[in-house]
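The chains referred to below are lettered A, B, ... by the order of the sequence lines, with proteins before strands, and numbering in each begins at 1.
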2 protein chains.
Amino acid sequence: MKKQRQDRLLKLLEQNPLVTDEELAGILKSSVSTIRLDRAVLAIPELRERMRRMAQKASSRLRSLKEEEIVGDLLELEPNRWALSALQTRKDMAFRHTDALCDHYVYAQASSIAIAVVEADFVMIDSMRGQYKQRPRIGDVLLARAKVGIHKEDKYIVSVRTRVGEKEIFVGRFIAAVIHSGGSSE
Amino acid sequence: MKKQRQDRLLKLLEQNPLVTDEELAGILKSSVSTIRLDRAVLAIPELRERMRRMAQKASSRLRSLKEEEIVGDLLELEPNRWALSALQTRKDMAFRHTDALCDHYVYAQASSIAIAVVEADFVMIDSMRGQYKQRPRIGDVLLARAKVGIHKEDKYIVSVRTRVGEKEIFVGRFIAAVIHSGGSSE
DNA sequence: CAGTTATTAGTATCAGGTGCTAAACGGAGG
DNA sequence: CCTCCGTTTAGCACCTGATACTAATAACTG
């Protein structure tokens, strides 16, 4: 049947966009013409166009994947006082194949903002404790707010609360340490 | 001069690998033939090959980011008792441009193994506390060992210790909850 | 059975190349 | 001056993974 084939086509290309029409024809046991026709109907661009787009995305976005998307966008920051960050969750952050978010993304956002809120070049987390309240769903935008509490010498206590709308997701407390680069590292 | 042109060629392609020979010829004010010759000498692959590589890197990295590389490989597992996982750290896991590992990778591995060690389909972290001991370096292989402690009903206490060789990196304690899929999710 | 839709084959064409050959340029040495 | 040699360029045949189009065939539907 036509629809089944087109569904399979979509799934195949989602899994691996770098397949030629010929290969697809082989997998779906139909002719190259049919594949092309299906692609035209489904508005799927040709292999080269798909490659081009991925490559472009890669060059522009892979760089930012490091310290933006995983970690959230810093919305507001008042150093050594408080900060606010937003994390748009995506389907690839899901726990297995559910629509529940992996807890380590919540943690990553929280820990990152805890580090960001402390005004120093090199800050690392010493220890933490936290509690997950309600489970965020894929697609939710996580808003994390960090507040700096008391600090002694180079240790700062930072509280982080993460919400989705009115829903409380995570509450945690981090001890962030300022590392003075006297010794190693660049 | 020949060398200057080839240097410029390399720089141009580093900045933007998605340029055709024709465009390069225009920029460098020489013929397409010359560009091809230079590329051959410098062992620079053609546009399509460059695109293909970037796209592959993008897709392989995006896919593996999910539940393999971030989270480590499960080496041994005795359900509801203990488990061992290894995480090979890469330069893109670094904190800014240093050779220190971001703490959330350590956390992700620890939390993942804590979830994996509990024998149930759907397990999530309820709360955690932990302490980072020494800082791992990029390239280190993190070995995380999880031990299941006491459990009441659906809550399991899981201790995780992460090491690099003899060096202790992280010690933590997670409370993992088994979620009975009565209600939502697949 | 005809009529319609779905599938396939086949041809010409395109972009962005490779690989090869041949020609033109351009400066140094005899 | 010409000759030699490295450099640059032009031209052509060919490749892949497509597009666009036509025509033929297969498969159902009433």
Consider side chain to side chain contact (heavy atoms under 4.5 Å, CB included). Of A:Arg90, A:Met93, A:Arg137, which one does A:Leu101 pass it with? A:Met93
Could you list where the contact with chain B starts and ends along DNA chain D, reading 5' to 3', using a 4.0 Å heavy-atom cut-off? D:dT7 to D:dA10
Under 4.0 Å, heavy atoms only, any strand: does B:Arg5 hit a base, just the sugar-phosphate, or nothing? sugar-phosphate
Heavy atoms only, 4.0 Å cut-off, all strands: where does B:Arg39 land among base, sugar-phosphate and nothing? sugar-phosphate
Answer yes or no: is there a side-chain heavy-atom contact under 4.5 Å between A:Val117 and A:Val158? yes
Please check if B:Ile175 and A:Phe95 belong to a single hydrophobic cluster, counting links between Ile, Leu, Val, Met, Phe, Trp and Tyr side chain heavy atoms closer than 4.5 Å. no
Assuming nearest nucleotide by heavy-atom distance, tell me which of B:Arg48 and B:Ser33 is located more 5' along DNA chain D. B:Ser33
Classify B:Arg50 by what it touches in the nucleic acid, base, sugar-phosphate, or nothing, heavy-atom distance under 4.0 Å. nothing
Parallel, tilted or perpendicular for B:Tyr132 and B:Phe170, by the 30°/60° rule? tilted
A:Arg173 CZ: over 12 foreign heavy atoms closer than 6.0 Å: no
On DNA chain C, which is the earliest and which the latest nucleotide, 5' to 3', with an atom closer than 4.0 Å to a heavy atom of chain B? C:dA15 to C:dT18
Is atom CZ of A:Arg50 surrounded by more than 12 heavy atoms (other residues, nucleotides or ligands) closer than 6.0 Å? yes
A:Arg161 bridged to A:Glu168 by N-O distance under 4.0 Å: yes
Is any side-chain N of the basic residue among A:Lys11 and A:Glu14 closer than 4.0 Å to the acidic one's carboxylate O? no
